[in-house]
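Presented below is the structure to which this report refers.
This structure is a prediction, so every number in the text was calculated from the model and none was measured. FYI, the numbering just counts along the sequence from 1. Any value given below was found using the heavy atoms of this structure, including those in side chains, with hydrogens, waters and symmetry copies removed.
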Amino acid sequence: MLTAQVTARAGKYVTFQLSRQYFAIRSDKVRQILPASDVRKSAQLSAPFLFGSVAANGRLIPVIDIRDRLGLPARAARSSTCVIIVTPDGPASVPAVGIIADKLSEVVDFRSTEIRGSTGQLRIQGRPYGRPKTLLEPDELLERDEWVQLRSVLLT
């Protein structure tokens, strides 16, 4: 499941839009943000979740599109489309992975009282403020066997 209880709950989150929905990832997991125009698509992509790859800091980083996993409709890339490079921990067998985002929103600082389950929403004077954001865990973007498959695609 992509949206899990976030382990380190309170803190800064990078928020972004994907098919008109709002999501957030802990800022300490975000390494870089690149324009989607840097993504190289390959005809030999064997994994359906793999969007392409991007070169960053001398390494080839896989880029995935998580819309299908979230049940969101596909959208054509726009000038605001970007790639958020994150570093997964846990079962991931790749040092970094890119996530397609339609548009970056902002960096927000959630307090633990502003997070309920897998959703965060800012509060001002005790009242909800702004749109709720679904919190994503980079480690749970893919299943364990998909991480392995992603690693093997990169090595070929």
Side-chain angles (χ1 to χ4, degrees), residues 1-42 45 47-111 114-115 117-122 130-144 146-154:
M1 184 85 187
L2 294 176
T3 59
Q5 294 286 343
V6 176
T7 51
R9 298 173 69 79
K12 294 189 184 295
Y13 287 80
V14 174
T15 63
F16 61 96
Q17 290 181 35
L18 196 57
S19 297
R20 297 187 182 198
Q21 301 288 323
Y22 288 83
F23 297 92
I25 293 181
R26 284 193 54 85
S27 65
D28 61 348
K29 298 287 185 184
V30 175
R31 294 292 166 240
Q32 209 170 351
I33 298 171
L34 301 170
S37 60
D38 291 353
V39 175
R40 289 182 279 169
K41 295 184 181 179
S42 174
L45 298 177
F49 53 85
L50 189 58
F51 185 77
S53 62
V54 65
N57 299 331
R59 290 189 297 181
L60 195 60
I61 297 174
V63 177
I64 59 175
D65 190 349
I66 58 174
R67 284 185 185 95
D68 187 47
R69 296 184 165 284
L70 296 169
L72 300 173
R75 294 186 89 183
R78 298 178 179 182
S79 61
S80 61
T81 303
C82 63
V83 177
I84 302 171
I85 307 294
V86 298
T87 54
D89 296 328
S93 57
V94 294
V97 66
I99 303 167
I100 289 290
D102 291 335
K103 183 179 177 183
L104 284 179
S105 296
E106 59 187 333
V107 176
V108 297
D109 193 1
F110 284 127
R111 295 178 291 221
E114 295 172 329
I115 298 174
S118 64
T119 304
Q121 186 173 21
L122 294 174
R131 295 180 187 231
K133 284 117 180 119
T134 302
L135 308 179
L136 300 176
E137 281 288 346
D139 303 340
E140 300 191 17
L141 294 172
L142 301 172
E143 300 292 330
R144 182 187 276 299
E146 291 172 329
W147 284 114
V148 173
Q149 183 182 5
L150 187 61
R151 175 96 174 155
S152 67
V153 167
L154 289 178

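Between I61 and G98 the shortest heavy-atom distance is CG2-N, 3.8 Å. When all heavy atoms of A96 and P62 are compared, the closest pair comes out as O-CD, 3.6 Å. Heavy atoms only, all atoms of each residue included: R26 and A10 are closest at NH1-O, 3.0 Å. For the residue pair G130 and Q121, the shortest heavy atom distance occurs at O-NE2, 2.6 Å. The minimum heavy-atom distance between R67 and S19, with the atom names listed, is NE-OG, 3.1 Å. Across E114 and D109, no two heavy atoms sit closer than the pair OE1-O, 3.7 Å.
Note that CD1 of I84 is 9.0 Å distant from CG of L18, once rounded to the nearest 0.5 Å. Residue K103 holds its NZ atom at 9.5 Å from OG of S79, rounded to the nearest 0.5 Å. Atom OG1 of residue T119 and atom CG of residue L135 lie 6.5 Å apart, to the nearest 0.5 angstrom. Atoms NZ and CG, from K12 and D28 in turn, are 11.5 Å apart once rounded to the nearest 0.5 Å. I85 CD1 to N57 CG: the interatomic distance, rounded to the nearest 0.5 Å, is 9.0 Å.
Under a 3.5 Å cut-off, the side chain of T15 and the backbone N or O of E106 do form a donor-acceptor pair. For the pair S80 (side chain) and D102 (backbone), a donor-acceptor distance under 3.5 Å is present. With K133 contributing its side chain and R131 its backbone, the two residues share a donor-acceptor pair below 3.5 Å.
Every residue meeting the side-chain contact (heavy atoms from CB on, under 4.5 Å) condition with Q21, not counting sequence neighbours, appears here in chain and number order: F23, L72. Partners of Y22 according to the ring-ring contact (aromatic ring centres under 6.0 Å, His included) rule, which considers only residues two or more places apart in sequence or in another chain, do not exist here.
You'll find the side chain of I66 reaches within 4.5 Å of the side chain of L136, heavy atoms only. Contact of the L141 side chain with the I64 side chain is registered, since non-hydrogen atoms from C-beta on lie closer than 4.5 Å. You'll find the side chain of R69 reaches within 4.5 Å of the side chain of L142, heavy atoms only. Contact check for I115 versus Y13: side-chain heavy atoms found under the 4.5 Å cut-off.
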Verdict with supporting geometry, L104 and F16, side chain to side chain contact (heavy atoms under 4.5 Å, CB included): CA-CA 4 Å; L104 284 179; F16 61 96; 4.2 Å; yes
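Of the candidates V39, L34, L50, V39 is the only one forming a side chain to side chain contact (heavy atoms under 4.5 Å, CB included) with V63.
Applying the salt bridge (charged side-chain N to carboxylate O under 4.0 Å, His left out) rule to pairs touching residues 77-87 yields nothing, sequence neighbours excluded.
Crowding of D68 atom CG: a count of heavy atoms from other residues, nucleotides or ligands under 6.0 Å not exceeding 12.
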